[in-house]
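Here is the structure we will look at.
Start at 1 with the first residue, then count along the sequence.
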Amino acid sequence: MKTEKEIKIMLSKEQYDEINDYFEWDDEFVQTNYYYSEDIEIETNEEVTFRVRVKNKKKILQIKIPEEKNKSLHIKKEYEKELNTVPQMFLGKSLNEIVGVDRFSDVFLIGDLTTNRKLKKQSDGIEICLDRNKYLGLEDYELEIEFKEEYPTGIVKILENKGITTAKETSGKYSRFNTARKSSCL
């Protein structure tokens, strides 16, 4: 288990292009998230995320449980387990064993989201991720700033000088995917 701290910012296409041109990227790759659902929500009104992330042929089950959300800041507990396949479902019992709780039911594959990600690693442990996401016939653009220690005020100031704010409420990829999925079912 690890704690994930990140700032999530939705971008317009123009902002995406500007950030893309501003930084020199260390890596660029494609990853696909396969999402599972039992439609539960916890106290923060953020859904628990069940996903298998496939990147460079490696498959990792990730369970992300929200701890805190404040506008663009998201803090989650993240549990992982390496897999050989992308299954159609997970038994609640297996998920409970990974997390050490007794609260999850069986979850079923509901779809996928593919991200073209550009990554910039900084010497202070901060990672800047520039994402172009495609799912359910939609495309969106997002900037994620992952950090372990102090809030990355330097990068936030650079963004604010470019008119990009961290003051807006932002949903994560799974929440956006799930909202789009539910609205397409109406």
Non-neighbouring partners of Lys168 that pass side-chain contact (heavy atoms from CB on, under 4.5 Å), sequence neighbours left out: Thr165

Test: Lys118 cationic atom under 6.0 Å from Phe23 six-membered ring centre, within 45° of axis: no

Closest contact, heavy atoms only, Arg132 versus Tyr16: CB-OH, 4.0 Å

Flag if over 12 foreign heavy atoms under 6.0 Å of NZ, Lys162: yes

Asp21 CG: over 12 foreign heavy atoms closer than 6.0 Å: yes

For Glu47, the option from Lys76, Arg181, Lys182 that meets salt bridge (Lys or Arg N to Asp or Glu O under 4.0 Å): Lys182

Sidechain N-carboxylate O distance under 4.0 Å for Lys69, Glu169: yes

Side chain to side chain, Pro152 and Ile7, heavy atoms closer than 4.5 Å: yes

Tyr141 versus Glu139, side-chain donor and acceptor atoms under 3.5 Å: yes

Asp131 side-chain N/O to Asn133 backbone N/O, donor-acceptor pair under 3.5 Å: no

Glu146 versus Cys129, closest heavy-atom pair with distance: OE2-SG, 4.3 Å

Linked, directly or transitively: Val52 and Met1 (ILVMFWY side chains, under 4.5 Å): yes

Separation of Leu113 CG from Tyr135 OH (nearest 0.5 Å): 7.0 Å

Between Tyr35 and Asn33: side-chain donor-acceptor atoms closer than 3.5 Å: yes

Remaining members of the apolar cluster that contains Val30, side-chain heavy atoms under 4.5 Å: none

side-chain contact (heavy atoms from CB on, under 4.5 Å) between Glu80 and Lys2, intermediate numbers included: CA-CA 9 Å; Glu80 296 184 339; Lys2 66 180 181 182; 4.1 Å; yes

Phe147 and Tyr151 aromatic ring geometry - parallel, tilted or perpendicular at 30°/60° bounds: perpendicular

Nearest atoms (heavy-atom pairs only) where Gln15 meets Met10: OE1-O, 4.2 Å

Ile75-Ile63 co-clustered via ILVMFWY side chain contacts under 4.5 Å: no

Aromatic ring pairing Phe50/Phe104, orientation class (parallel under 30°, perpendicular over 60°, tilted between): perpendicular

Same apolar cluster: Ile65 and Leu73, side chain cutoff 4.5 Å: no

Side chain proximity check, Ser37 to Tyr174, heavy atoms < 4.5 angstrom: yes

Shared hydrophobic cluster for Leu11 and Ile158 (ILVMFWY, side-chain gaps under 4.5 Å): yes

Same apolar cluster (I L V M F W Y, side chains within < 4.5 Å links), Ile98/Leu91: no

Note: Lys173-Glu144 ion pair, threshold 4.0 Å (strictly below): yes

Heavy-atom side-chain proximity of Lys55 to Arg117 below 4.5 angstrom: no

Distance (rounded to the nearest 0.5 Å) between Ile19 CD1 and Leu143 CG: 6.0 Å

CG on Asp112 to CD on Gln31, rounded to 0.5 Å: 12.5 Å

Distance (rounded to the nearest 0.5 Å) between Lys120 NZ and Ile128 CD1: 7.5 Å

Any donor-acceptor pair under 3.5 Å from Lys5 side chain to Lys148 backbone: yes

Partners meeting side-chain hydrogen bond (donor to acceptor under 3.5 Å, both in side chains) with Glu4 (sequence neighbours left out): Lys64

Donor + acceptor pair across side chains of Lys77, Thr3 (<3.5 Å): yes

Spatial distance of atom CH2 (Trp25) from atom CG (Leu119) [nearest 0.5 Å]: 8.0 Å

For the student: nearest non-hydrogen atoms of Val86 and Tyr36, plus distance: CG1-OH, 3.5 Å

Pairwise distance CG(Leu159) to OG1(Thr166) - rounded to 0.5 angstrom: 8.0 Å

Considering all heavy atoms, the nearest Lys59-Val54 contact: CG-CG2, 3.8 Å

Heavy-atom pair with the smallest gap, counting every atom of Val101 and Asn96: O-CB, 2.9 Å

